[in-house]
Amino acid sequence: MVHKPYDHQKVEKKWQDTWYASDAFTAPDHPTKHKAYILDMFPYPSGDGLHVGHPEGYTASDIFSRYLRMQGKNVLHPMGWDAFGLPAENYAIKTGTHPSLTTKQNIATFKRQIQALGFSYDWTRELNTTDPEYYKWTQWIFLKLFEKGLAYEAEAPINWCPKDKTGLANEEVVGGKCDRCGTVVEKKNIRQWLVKITDAKYIERLLNDLDTLDWSTSIKQSQRNWIGKSEGAEIDFTIQPQAHGGQEPNFLILHGYTGRVDKNFIPNLKEQLESQGYVVQTPQLPNTTAPKEVEQVQYVIDNCTIDSSTIIVGHSLGGVVAMKVIQKINQPIAGLVLVAPAVEPEFRTGEERPFWKTFTWDYDYNRIKKFSGFRIVLSDLLEKDERAAYLGYLAKKLDAPVRETTANKSHFRGTNEPFVLHNLLRTIKVFTTRPDTLFGATYMVLSPEHPLVSEITTDEHRKAVEKYQKQASQKSDLDRTDLAKEKTGVFTGAYAINPVNNEKIPVWIADYVLASYGTGAIMAVPAHDERDHAFAKKYELPIVDVIMPHVIDAKNPPRSDKQTLERQSVHAIVHDPKTDRYLCLQWKIFPWTTFVMGGVEAGEDIIEAAKREVKEEAGYTDLHFERVIGGPVRADYFATHKDENRRSIASAVLFTLASDAREEITAKEKAKAEPVWLPLSALKPESMRCSELPFWLDRLEGNFTYSGEGLMIRPALPMSPIPKPVLEVPMSPGAAGHLGNELQRIGYDGPYEGLTSQEFRKAIVGWLEKTGNGKAATNYKLRDWVFSRQRYWGEPIPIVHCPEHGNVAVPEDKLPVLLPDVKKYEPTGTGESPLAGIKDWVNTTCPQCGEPAKRETNTMPQWAGSNWYFLRYCDPHNNKQLADPAKLKAWLPVDTYIGGAEHAVLHLLYARFIYKFLFDIGVVPKEVGDEPFIKLINQGLILAEDGQKMSKSRGNVINPDLIVREYGADSLRMFEMFMGPLQDAKPWNTRGIVGVRRFLEKVWQLQEKVQDGSELHRETHALVKQIGDDIKSFSLNTAVSNFMKWTNAAATWESVSKMEFGTFLTLLSPFAPHLAQELWSQLGHKDQVHAQSWPNFDASKLIAENVEVVVQVNGKVRDKFTVASGISVEDLKAQALGSKKIQPWLGGKTPKKIIVVKGKLVSIVI
RNA sequence: GCCGGGAUGGCGGAACUGGUAGACGCACAGGACUCAAAAUCCUGCGACCGCAAGGUCAUGAGAGUUCGAUUCUCUCUCCCGGCACCA
């Protein structure tokens, strides 16, 4: 029988018509068998039509879907259109064509091209995000977010693309440029809708649930990076206040009814303030159990010093006394702080107090306001409601803020009430991941936008600060984050107090600190942070080492059964500038090279010690001291020659050789070691015996910051004689013991000597929390999602702005809010959408009161529609709800999701968030879990033949239509799979496609060999197994090569049975459905090959009768022979040893060992 | 800088849990068929030495573990992706 030649165009057309006319791949609403939801990322139907990249993922998912159907599963495999977006709108601006028309045309093109490839989509479920029946539910999701407080309106500085004239989400800005058009984005402060993706209820789940997903590590890593969690602490630094004229304030603390100066928070507060150098008066007022106003006020006026720098603090009834004092003295004071002040009669309930009648309860508020520089009211949340009402009333009268807290003891009666202190002194919160370096914080930096900058800046520095702020505001983010640029900043004139040691540290502003991360302020630790170090060097700020690196010698670790000798030592690094070499010792008694080094003797500093050692061991006397390079390094090792463990705490001192002047060295030293001069390149860890070497080399290169973990050194660790010059700036005396005391106070009973930085980090956070100076804190880089676009072609945000009721949701039964027609699509650029110009659309009534109101004119971003489309596929025509829960339960979650990696942090993060939200509000049934995509496969980019990215501008785009016309859809499908692993990027090579085309021709030719029968060759059984395995693991390139191998083998056969060829076609049908179907029907079958069940293989048939065995001698292949596969180990051994080729390699010797891997190899060791 | 991933012939790539490196395809060379060309078929195709049998070297570089390493461990180089004055 002679068949017609393979005419791909005819064959493909014929079967596509059959399939699409009969909705051949429709999924049931309620699967009765095992379900599988196989999803492709739906495309944006651009005007350019399909790209060869599209069919890559679509083919892979189609093969998998067809395979699963043949495995007897119900498969949901849908397709739709993500059709809102900028290109259609930009096209409308240019041509005046309505975007809906362009979109319709583009969809038609895409659909024709996709259908020409024979994909098995369920077209009855096709959806389109621009269809009002669809975006009704996109709007509905927005309303739910709004209802739960997760969508909010704010005027926020956001990324603004000046070309596209719209705001962008952070995720849409890549390297400071607009992801779409590459324009450098600007910061613009406009009214925006934001979605609270950072909400505590979601952010940790978005991060942690990544662990449960079968996604590539790189995508998961991208999401983790983007969420950017860091754990550390928030620490409050108090700012030294300036009273009028820049003077430091003094404090007058007045106790309350039955109070005493040694009660409540007063002693502790006094101590804290005094430890920071302030003058504090705490008068004991007369008659505390039966106080009289006149008596107490007069007592204060007579006995206390009050001047323009005085801040009066009044607790409870003391607050009333304070106000009366101010009314009476007729002179200005710095400020008034009322700590839970006593209550006016009309607010009182309960038992009568003696002072109710001995005090008058009227105030001259204007007078108090006039004479006090500032006023603050502190309120304790533990107290009763009527007091809160009173404090609010009082604060209003005094024009003062009310600051609330939960006091340690109700009514601020605790012995330690840090909230009071923090409100006396302005505090600035910083975030740090390294609270263990707190002792090394030598200055503070605020971002130029920090709200407290102008408040704390002194008059003297105001001009410079404002100038700097202005400059910073004019820089783009791209400029500000340019790492290469030198850091800049200005001093504010203010000082903060480091809470751990009460050091006074300067407060600067600098644009290397970002307002948008953490608290917008940092504590700078120049010894342990590179950025801070660079800044400190430039502005000559102090640098204090607090962490010592610690190395344990890997080759000679300390031994637990040996004694340990600890010693302070010094390494002298002597550089000869004339030869650019370094002085080392070549030891004679050991095979070592070292620097000149030795112990530091009592009373000696390290520089003296280093000089002495150089003189003794090498004789050089004329050394010029350069510097101590960094802090000390501890090394632990076992000293073999001494049979003891050594703990060396070493510092390195750098000298230059000023002249060759030398003294004779002793015979003893001569016998021990010889001085040699080595170039820097010879100073290598493998050639030097020096555990600290990597640190010294690093520091010689100028890297003085150590940001790793280590051991705490002073002042945290008062370790005896640490040589003085180690610290570039010494801390104040007394600081050293401070932490020890504090640690004891919080119940840590040490020993803290030798604490690692990790241990100390925990201890210090405990201390911060205990003392109210800070707390453990977590920070994220993720920002809320900017959700409004000032453009036309998107879903209108269903909100009405009512003058009376604010933002009011459009009622659900009024959805969808239809996108109206406009005449001009041009974005206004003012931050308003083109919709703002349509008066009769904008003007509406408030759904709450019916009064005139205006519609929201911003539209949603493209991600809004793509967030949840995969839910809609389960129930695409439902007009009552987003989707029927029973249908969602039947199909969700998506089992396999295939698409490009470019959506790593955009679509994939947004969709996970929205899915979790829909899960929480019960739309997503709880049985299906709160992760939408269980397995994700990212197909790699198909590059152009030149290895570059395909793009219209480069002119290297391959049009799939041409390939389909010339080689056929089956060739294109198989070739795209054959090119390489699905996940890898790979260049297109049109010449290569002939390989698969030839293969398909061979398959076509094979029908000449078909004869009746049901015999299957061993290769066919093997193929069934291989193809199944390959598809399951998405190793589709090897599947294609396995098909080719099979046809190569079949070409040598006499005949192929009808059964065998049918089996082969069944396996081939997911890959080349048209050809497989055509040959299937030519075999005489009336049904469809894709409806067959997946063939089984007979495992017993896979075993070959004979196997080839390799014989190795010492790991090298020396012989190969074929044996029966069932051969015994003994026989195999004997045959191997007896081989003529092996004999010469054995050389008559008896093998040491013979390793036999059954059916594979014999390895002989001699 | 930090975090991921990778590097195998002229090219795309293959090699299951450590066991014959280079499957399959492209390109290339030689041959058959043809008046000729295309198509098709056959043969060869990592490098070096050798007439051959065969040997030696080869999976980015260098070390290590092992009878045996593309595969495991360490160091380094380069490439790709993500993040990036993120405190």
Side-chain angles (χ1 to χ4, degrees), chain A residues 174-175 216-230 232 430-434 437 445 447 480-485 487 510-514 516-525 528-532 534-535 554 685-686 707 779-782 901-902 904-905 938 940-941 945 975 978-981 983-996 998-999 1001-1002 1005 1029 1033 1035 1037-1048 1051 1108-1120 1141 1151-1157 1159-1166:
Chain A
V174 176
S216 72
T217 44
S218 67
I219 297 279
K220 289 204 245 185
Q221 201 58 34
S222 295
Q223 292 215 354
R224 283 193 198 103
N225 275 344
W226 192 257
I227 294 169
K229 180 180 182 173
S230 352
V430 304
F431 174 73
T432 177
T433 53
R434 292 299 297 273
T437 63
V445 187
S447 70
R480 270 185 69 162
T481 56
D482 185 353
L483 275 158
K485 279 204 184 126
K487 298 196 184 343
D511 65 5
Y512 82 90
V513 174
L514 307 175
S516 57
Y517 183 76
T519 60
I522 61 159
M523 66 178 207
V525 184
H528 302 293
D529 182 283
E530 264 177 61
R531 297 154 298 175
D532 297 343
F535 192 82
E686 53 273 21
S707 55
N779 243 292
Y780 301 90
K781 282 195 267 185
L782 186 69
E902 67 274 18
V905 290
N938 297 110
L941 271 188
E945 292 193 77
F975 180 59
F978 186 56
M979 288 196 303
Q983 286 89 343
D984 292 6
K986 47 221 165 254
W988 177 267
N989 179 359
T990 301
R991 276 193 300 190
I993 200 167
V994 304
V996 290
R998 283 176 193 152
F999 157 75
E1001 301 265 8
K1002 280 186 206 168
Q1005 293 305 321
D1029 290 350
S1033 59
S1035 176
N1037 52 331
T1038 58
V1040 176
S1041 87
N1042 281 323
F1043 281 125
M1044 289 172 168
K1045 269 189 236 180
W1046 184 89
T1047 45
N1048 289 348
E1108 194 183 27
V1109 169
V1110 175
V1111 185
Q1112 293 181 338
V1113 178
N1114 283 347
K1116 292 221 151 88
V1117 179
R1118 298 301 180 190
D1119 193 16
K1120 301 173 189 183
K1141 285 188 186 162
K1152 248 195 231 164
K1153 199 170 160 191
I1154 302 175
I1155 297 142
V1156 180
V1157 180
K1160 272 199 176 148
L1161 95 163
V1162 179
S1163 182
I1164 302 164
V1165 189
I1166 36 174

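Values below: every heavy atom of this structure, side chains too, minus hydrogens, waters and symmetry copies. First the proteins, then the strands, lettered A, B, ... as listed; each starts at 1.
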Aromatic ring pairing A:F431/A:Y517, orientation class (parallel under 30°, perpendicular over 60°, tilted between):
perpendicular
How far does the C1' atom of B:C45 sit from the matching atom of B:G31, given to the nearest Å?
15 Å
Paired to B:C78 by Watson-Crick or G-U wobble criteria (both distances under 3.5 Å) is B:G6
Have a look at A:R224 and say if it touches a base, only the backbone sugar-phosphate, or nothing, with a 4.0 Å heavy-atom cut-off.
nothing
In the strands shown, is B:A63 matched to any nucleotide by a Watson-Crick or G-U wobble pair with both distances under 3.5 Å, and which?
B:U73
Give one of base, sugar-phosphate or nothing for A:S1163, where a contact means two heavy atoms less than 4.0 Å apart.
base
Tell me which nucleotide, if any, is Watson-Crick or G-U wobble paired with B:C83 when both distances must be under 3.5 Å.
B:G1
At less than 3.5 Å, do the side-chain atoms of A:Q1112 and the base atoms of B:U20 form a donor-acceptor pair?
no
Only counting residues at least two apart or in another chain, list the ones meeting side-chain contact (heavy atoms from CB on, under 4.5 Å) with A:V174.
A:D179
What's touching nucleotides 77-87 of chain B from the protein side, N or O pairs under 3.5 Å?
unit_1, atom_1, unit_2, atom_2, d
B:G82, N3, A:N225, ND2, 3.4
B:C83, O2', A:K781, NZ, 2.6
B:C85, O3', A:R531, NH1, 2.9
B:C85, O2', A:Y512, O, 2.6
B:C85, O2, A:K487, NZ, 2.1
B:C85, N3, A:K487, NZ, 2.9
B:C86, OP1, A:R531, NE, 3.3
B:C86, OP1, A:R531, NH1, 2.3
B:C86, O5', A:R531, NH1, 3.2
B:A87, OP2, A:S230, OG, 2.8
B:A87, OP2, A:Y517, OH, 2.8
B:A87, O3', A:T432, OG1, 3.1
B:A87, O3', A:T433, N, 2.4
B:A87, O3', A:T433, OG1, 3.3
B:A87, N6, A:L514, N, 3.4
B:A87, N6, A:L514, O, 2.8
B:A87, N6, A:Y517, O, 3.1
B:A87, N1, A:L514, N, 3.2

Watson-Crick or G-U counterpart of B:A27, or none if no pair lies under 3.5 Å:
none
Pairs involving residues 218-229 of chain A, ordered by first then second residue, that meet salt bridge (Lys or Arg N to Asp or Glu O under 4.0 Å) (sequence neighbours left out)
A:E204-A:K229, A:D211-A:R224
With a 4.0 Å cut-off on heavy atoms, is A:E1108 in touch with a base, just the backbone sugar-phosphate, or nothing at all?
base
Name the nucleic acid region contacted by A:D984, choosing base, sugar-phosphate or nothing; use a 4.0 angstrom heavy-atom cut-off, strictly under.
nothing
C1' spacing across the pair B:U59 / B:G13, given as an integer number of angstrom:
13 Å
